[in-house]
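Labels below follow one simple rule: chain letters A, B, ... track the order of the sequence lines, proteins then strands, and each chain is numbered from 1. Here the structure is a predicted model, which is why all the values come from computation and not from measurement.
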2 protein chains.
Amino acid sequence: MEAKRSEGGLKHVQVREYVRELVAGAAPGSAAPSERELVARFGVARMTVRQALDVLVTEGLLERVPGRGTFVAHPRRRVGRLSSYSEDMKVRGLLPESQTLVARREQAGPGVARALDISPGDAVIHWKRLRRADQQIICVEDAYLNEVLLPGFLQSGMPTSLYQALEDRGLRPTWAEDAISASAATEDEASLLEIAPGSPVLQLSRRALCGDKVVNVSRSAFRPDRFTMHVQLGEPS
Amino acid sequence: MEAKRSEGGLKHVQVREYVRELVAGAAPGSAAPSERELVARFGVARMTVRQALDVLVTEGLLERVPGRGTFVAHPRRRVGRLSSYSEDMKVRGLLPESQTLVARREQAGPGVARALDISPGDAVIHWKRLRRADQQIICVEDAYLNEVLLPGFLQSGMPTSLYQALEDRGLRPTWAEDAISASAATEDEASLLEIAPGSPVLQLSRRALCGDKVVNVSRSAFRPDRFTMHVQLGEPS
DNA sequence: CAGTGGTCTAGACCACCGA
DNA sequence: CGGTGGTCTAGACCACTGT
């Protein structure tokens, strides 16, 4: 019984991850292993199993039904999860692609510096992309990344999904603050989006954080005829 | 040890509620009773105390700090609370007003019926308003309410804040599904918003629910020069 | 050092469910 | 009835924190 905090936990983590995998592809409503079954399988106390399952229940992955068992939870209304453009498009059944227009190291201007919570002049990565879904142009995005958090990012080849790349570095944003408005397309936006200058575009400014670190700020202009943003607010019932 | 499910729990509930009260008015960062202290006070096992505290930690009321103790949690970033236009404007320090353009009983069309989760032809309340903040025109909104849920709503005089009126009836929305886009102002929108036809407007379609009941669906067109929508997504860190 | 939370054990009785 | 989750006990050792 060597308890090591450095490994984040121990037995209950083993049990939890075992169940998590079992449950990953399972149909909602199907039965999860019973607590006593897991006790036997892992040779562990029931309180330990319960501790493992508690986490999954809190996450909304499992449901406990007294007297019957533990089951894969039915999909609940979830408060707006933070998803990336790529994930968003895949969920809609579209193929996300992006074409890099700019990818270079720059010095942060005052606005970007404030948003990234760094000092003006600090190094940032500026990544400008034209993004498509099923070949159709959807938006143009200017993203700025805190260079200090992402050493060698530009050298490692630009990924398709920014959030995936951040996740690989343990910096996947878990929180975003969005400002949403509309405006008339600038000349630049219009030509990139292949719409008439002055026609409406949906503007999204995002500040994405991982924990307390601002990893990414971006400003995107969407073609409103091809993109509607969906947001859920409030407490899941 | 009389375990009664009908009372919702037992000892751990006692402990939990005791701590909850203690913590209610306490300053963030101040110490909560230690686990062993609660064990002594309630003559209960430590696992029971932990079970009680687990709930409060999950709720975000308490924070555990290994080796130091349990503390009243610092106010956390909260996932976008559902606020009404009126509340939103007040938070920004502006005076919300609205001018009713239409307020009448109608039969639900197919789109409204589906959104309200009722049948086409069912009675709905249609309320169209021009909304201002500090006298400045901000948006025009078409709202539809499920008449069955709100008997006599039209007769009771139209309130300033729809959400307040719904709250008075115990139907304050706690969940909303928003679809956000941009479009060119129609003739009607343009003349009401006092902008040029064809200029960009921010479109917000909202489906507001209280529990499982859809109480209100609306479609608003905002002047983008005077309104930016702010949204927080993800898990509070 | 003493105190804290983190983890774990090996049992126990209860209420509830389905067969 | 046997199996399930819900609750609870009375201990235990660990890693970490502050003094």
Side-chain angles (χ1 to χ4, degrees), chain A residues 1-20 22-23 26 28-74, chain B residues 1-20 22-23 26 28-74:
Chain A
M1 175 187 343
E2 4 64 85
K4 298 187 187 172
R5 196 187 314 282
S6 55
E7 291 182 5
L10 8 158
K11 305 198 178 180
H12 89 260
V13 177
Q14 256 184 46
V15 177
R16 174 175 15 113
E17 295 310 317
Y18 170 79
V19 176
R20 196 198 294 281
L22 265 188
V23 152
S30 59
S34 82
E35 298 181 353
R36 286 161 177 91
E37 186 183 332
L38 292 166
V39 165
R41 174 184 294 270
F42 287 91
V44 89
R46 185 146 86 102
M47 287 300 303
T48 307
V49 168
R50 284 186 63 73
Q51 190 179 4
L53 297 185
D54 277 341
V55 174
L56 300 176
V57 169
T58 300
E59 284 181 12
L61 260 171
L62 295 180
E63 271 175 334
R64 290 205 243 244
V65 183
R68 300 224 303 122
T70 306
F71 303 89
V72 179
H74 291 273
Chain B
M1 177 190 338
E2 5 62 83
K4 299 187 188 170
R5 196 187 315 282
S6 55
E7 291 182 6
L10 10 158
K11 305 199 179 177
H12 89 261
V13 176
Q14 256 184 48
V15 178
R16 186 196 339 135
E17 295 311 317
Y18 170 78
V19 176
R20 195 198 294 281
L22 264 189
V23 152
S30 59
S34 80
E35 298 180 355
R36 286 165 177 86
E37 186 183 331
L38 292 167
V39 164
R41 174 184 294 270
F42 287 91
V44 90
R46 185 153 160 246
M47 287 300 303
T48 307
V49 168
R50 284 185 65 70
Q51 190 179 4
L53 297 185
D54 276 342
V55 174
L56 300 176
V57 169
T58 300
E59 284 180 11
L61 261 171
L62 296 180
E63 269 175 334
R64 290 204 244 244
V65 183
R68 300 222 305 121
T70 306
F71 302 89
V72 180
H74 292 273

Within 6.0 Å of CZ in A:Arg41, more than 12 heavy atoms from elsewhere: no
Whole Å only: how far is the [atom1] atom of [X] from the [atom2] atom of [N]?
X: A:Phe71; N: D:dT4; atom1: CZ; atom2: C1'; answer: 9 Å
X: A:Arg16; N: C:dC8; atom1: CZ; atom2: P; answer: 10 Å
X: A:Lys11; N: D:dC14; atom1: NZ; atom2: P; answer: 13 Å
X: A:Asp54; N: C:dT7; atom1: CG; atom2: P; answer: 12 Å
X: A:Phe42; N: C:dC8; atom1: CZ; atom2: P; answer: 12 Å
X: A:Leu62; N: D:dT4; atom1: CG; atom2: P; answer: 15 Å
X: A:Arg68; N: C:dA19; atom1: CZ; atom2: C1'; answer: 13 Å

5' priority, DNA chain C, between A:Gln51 and A:Val65 [closest heavy atom]: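 Closer to the 5' end of DNA chain C: A:Gln51.
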DNA chain C: 5'-proximal contact among B:Leu53 and A:Val44 (nearest heavy atom):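 Closest to the 5' end, via its nearest nucleotide, is B:Leu53.
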Evaluation steps, salt bridge (Lys or Arg N to Asp or Glu O under 4.0 Å), between A:Arg64 and A:Glu35: CA-CA 11 Å; A:Arg64 290 205 243 244; A:Glu35 298 181 353; 3.2 Å; yes
Taking the side chain as every heavy atom from C-beta outward, state whether [X] and [Y] have any atom pair closer than 4.5 Å.
X: A:Tyr18; Y: A:Leu38; result: yes
X: B:Pro33; Y: B:Leu22; result: yes
X: A:Leu61; Y: A:Val19; result: no

Donor-acceptor pair (no angle test) under 3.5 Å: B:Arg50 side chain, C:dT7 base: no
Option among B:Lys11, B:Gln14, B:His12, B:Gln51 that satisfies the side-chain contact (heavy atoms from CB on, under 4.5 Å) test with B:Val44: B:Lys11
Which nucleotide in the set [options] lies at the smallest distance from any side-chain heavy atom of [X]?
X: B:Met47; options: C:dC17, C:dT7, D:dT9; value: D:dT9
X: A:Ala45; options: C:dT9, D:dG18, C:dG5; value: C:dT9
X: A:Arg46; options: C:dC8, C:dG18, D:dG5; value: D:dG5

Within residues 32-41 of chain A: residues closer than 4.0 Å to DNA chain C (heavy atoms): none
side-chain N/O B:Thr48 vs D:dT9 OP1/OP2, d < 4.0 Å: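 Yes, B:Thr48 has a side-chain N/O under 4.0 Å of OP1/OP2 on D:dT9.
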Nearest heavy-atom neighbours spanning A:Ala73 and A:Pro28: O-CB, 3.7 Å
